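Reading through the structure tokens given below for one structure.
From a predicted model like this one, the values you see are computed outputs, not experimental measurements. Numbering of ligands and ligand atoms starts at 1, following listing order.
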Amino acid sequence: MNTNSQHLSQIFMQGVAAVRPEILLANTVRIENDNLIVNNNTFHIKKHCYVVGFGKAVLGMAVQLEKILGSALSCGIATVPQDILRTFATLPELLPPPNTRITFIEGAKDNLPDLNALNGAVKIRDLITNVDEGNILIVLISGGGSALLPIPKQPITLEEKTALIKSLSKAGATIVELNTVRKKLSELKGGRLALLAKHLTVITLILSDVIDDPLDYIASGPTVPNSDEPDAALNIISKYQLLDIVPDTLHKILISDTDGSANTNGSQFDWVYNVVIGNNKMACEGAVEQAKKLGYQTVVLTRLISADVGYLSEWYGRLVRLIITCSQLELQELFQQTRSNLWYDLVNADEILNFDMEKPICLIGAGEPTLVVRGKGRGGRNQELALRVSLELDKMNITKKVMFLSAGTDGIDGPTDVAGAIGDWRLVSDARSVGIEPIEFISNNDSYGFYTIFKDGEYFVKTGHTGTNVMDLHIITIVP
Ligand SMILES: Nc1ncnc2c1ncn2[C@@H]1O[C@H](COP(=O)(O)OP(=O)(O)OP(=O)(O)O)[C@@H](O)[C@H]1O
Ligand SMILES: O=C(O)[C@H](O)CO
């Protein structure tokens, strides 16, 4: 690995380090005398604290919280991904102590709800209803929480609900659309968990894996008032032409105006304090800090990336071309257009134009692009983006060293064992010189296959499971 790719990996790893769950918890929560302090809010502990949690990063959050609460913690239940305890055997800081008071229930293999997750969700519901008034309930939430908290409304079965969500996902529904449907069909999502805990003080600590941190959609917002229109879920299913596969029982619930028990009607929950403890803004800040340490002039482009991977690779290619050719007006125009059509937080082009082009530059983007898989190959959206950006760079006759890293902060890109991959200005010509044609791999969505044979996998970003998740990071470096 050359120095430039080492730099990219170091910048990425520092981004991930900035959102490690145990650090975020320690920065947010502390105990002082009989008080629980969350950020600057003080909650008097009259009796005890109870903990429930669900999500891919909840293990590390819960372990740290137990350390912080000490004897103030009575007990807790958390649903965490299948096999996570075995996977993190090498990360002792994320593992519970032998005498833990929190029961960890593994489930939702491949991010799909299953009986284990359902049993865990039922235990969480029972714990909440059995805790006496005057206690504090701390709810830990991170991405993947929806699949780990499945209690379908009666008489919907878990299989029926899962089949519908799977079909919507395959048809290209966004996470906001999926979670709108989940909220309509669930006993705990869409604020209903909070309604069950009305007799308690509820503090929800959230690690966001949804673009722009909409609290009511992260893990389907179990402690956030639900302001969806009653027919929102039905309209989404109809948009994807899936009404035909919906069983009658489920259809009845979809068309109901209220669910009879817990239509939250946008009302405020004054017994609940929801707080985002980590998001991709923090990961960007960690990455910026490292890039600056390594001597790069650095800027965060946007943290709201949501475009299709094909479109995005062309956008990044155009961006690099305009920077390298110092095309001031075109760059300003591109940024203005993109800000109004796509990512409202896109940085001002002048920040980049003010850089000294004779010195190294680092640009950081964050979010979660989309990709419709049509080929039969293996890959992930990060690996495919890195390869597609390399193809864009190949089209320009560049003399500067341009490198691009794309990787998921959870360490896993799609159904593969890597976090993502690196691309660069000469990757395509290097590949072609040894008889490998990148376009063939892209056509078959086989980016993993490409990176496996190209330079023996040297351009993979391999981290293993990181124990956190704030979507993807993209890092571009331009070195004169
Ligand atoms: N062959 C492939 N090539 C490129 N991308 C793929 C391929 N197969 C699956 N994907 C992508 O992988 C993603 C699905 O993987 P997964 O369920 O791990 O989701 P994720 O978004 O990475 O997870 P999370 O949101 O929890 O971080 C989708 O974005 C899908 O488009
Ligand atoms: O669990 C979920 O709903 C997704 O990861 C978004 O938070």
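Of the N or O atoms in Ala147, none lie within a sub-3.5 Å distance of an N or O in ligand 2. For a threshold of 3.5 Å applied to N or O pairs, the pair formed by Val373 and ligand 1 contains no separation below that value. Distances between N or O atoms of Gly143 and those of ligand 2 include no value under 3.5 Å. On a distance-only criterion, Arg381 and ligand 1 share at least one N/O pair closer than 3.5 Å. On a distance-only criterion, Gly379 and ligand 1 share at least one N/O pair closer than 3.5 Å. In terms of polar-atom proximity, defined here as any N/O pair under 3.5 Å, Lys56 does make such a contact with ligand 1.
When heavy-atom distances to ligand 1 are checked against a 4.0 Å cut-off, Glu368 comes that close only through its side chain, counted from C-beta outward. Neither the backbone nor the side chain of Val372 comes within 4.0 Å of ligand 1, counting heavy atoms alone.
Between Asp209 and Lys56 no salt bridge is recorded (no basic side-chain N to carboxylate O distance below 4.0 Å). In summary, Lys395 and Glu392 engage in a salt bridge, as defined by a charged side-chain N under 4.0 Å from a carboxylate O.
Taking every heavy atom of Gly145 and a limit of under 4.0 angstrom, the matching atoms of ligand 2 come to 1 (O). Interface atoms of ligand 1 facing Arg378, defined by a heavy-atom separation under 4.0 Å, are 1 (N). For ligand 2, the atoms sitting less than 4.0 Å from at least one non-hydrogen atom of Val210 are 6 (C), 7 (O), numbered in the order shown with element in parentheses. Those atoms of ligand 2 with a heavy atom of Ile175 less than 4.0 angstrom away are 4 (C), 6 (C). Those atoms of ligand 1 with a heavy atom of Asn445 less than 4.0 angstrom away are 1 (N), 2 (C), 3 (N). Residue Asp410 approaches ligand 1 through these ligand atoms, each under 4.0 Å from one of its heavy atoms: 27 (O). Listed by number with element, the atoms of ligand 2 under 4.0 Å from a non-hydrogen atom of Arg182 are 3 (O). Heavy-atom contacts of Ile218 reach the following atoms of ligand 2: 7 (O) (cutoff under 4.0 Å).
Within the structure, the closest approach of Gln383 to ligand 1 does not fall below 4.0 Å when heavy atoms are considered. In this structure, Gly377 counts as a contact residue of ligand 1, since one of its heavy atoms falls inside 4.0 Å of the ligand. In this structure, Gly143 falls outside the shell of residues with a heavy atom less than 4.0 angstrom from ligand 1. At least one heavy atom of Gly380 sits less than 4.0 Å from an atom of ligand 1.
For the pair Lys183 and Tyr217, the cation sits on the ring face: its NZ or CZ lies under 6.0 Å from the ring centre, inside 45° of the axis.
For atom 7 (O) of ligand 2, the nearest protein heavy atom (residue, atom name, distance) is Asp209 OD1, 2.5 Å. Closest protein heavy atom to atom 9 (C) of ligand 1: Pro415 CD, 3.5 Å. Of all protein heavy atoms, the one lying nearest to atom 15 (O) of ligand 1 is Gly414 CA, 3.4 Å.
The option from Ser146, Ser142, Gly144 that lies nearest to atom 3 (O) of ligand 2, judged by heavy atoms, is Ser146. Summarising the contacts of atom 31 (O) of ligand 1 with Ile175, Leu112, Asp413, Leu371, the nearest heavy atom is found in Leu371.
A ring pair (Phe, Tyr, Trp, His ring centres under 6.0 Å) with Phe441 is found for one member of Phe454, Phe450, Tyr451, Tyr448 and no other, namely Phe450.
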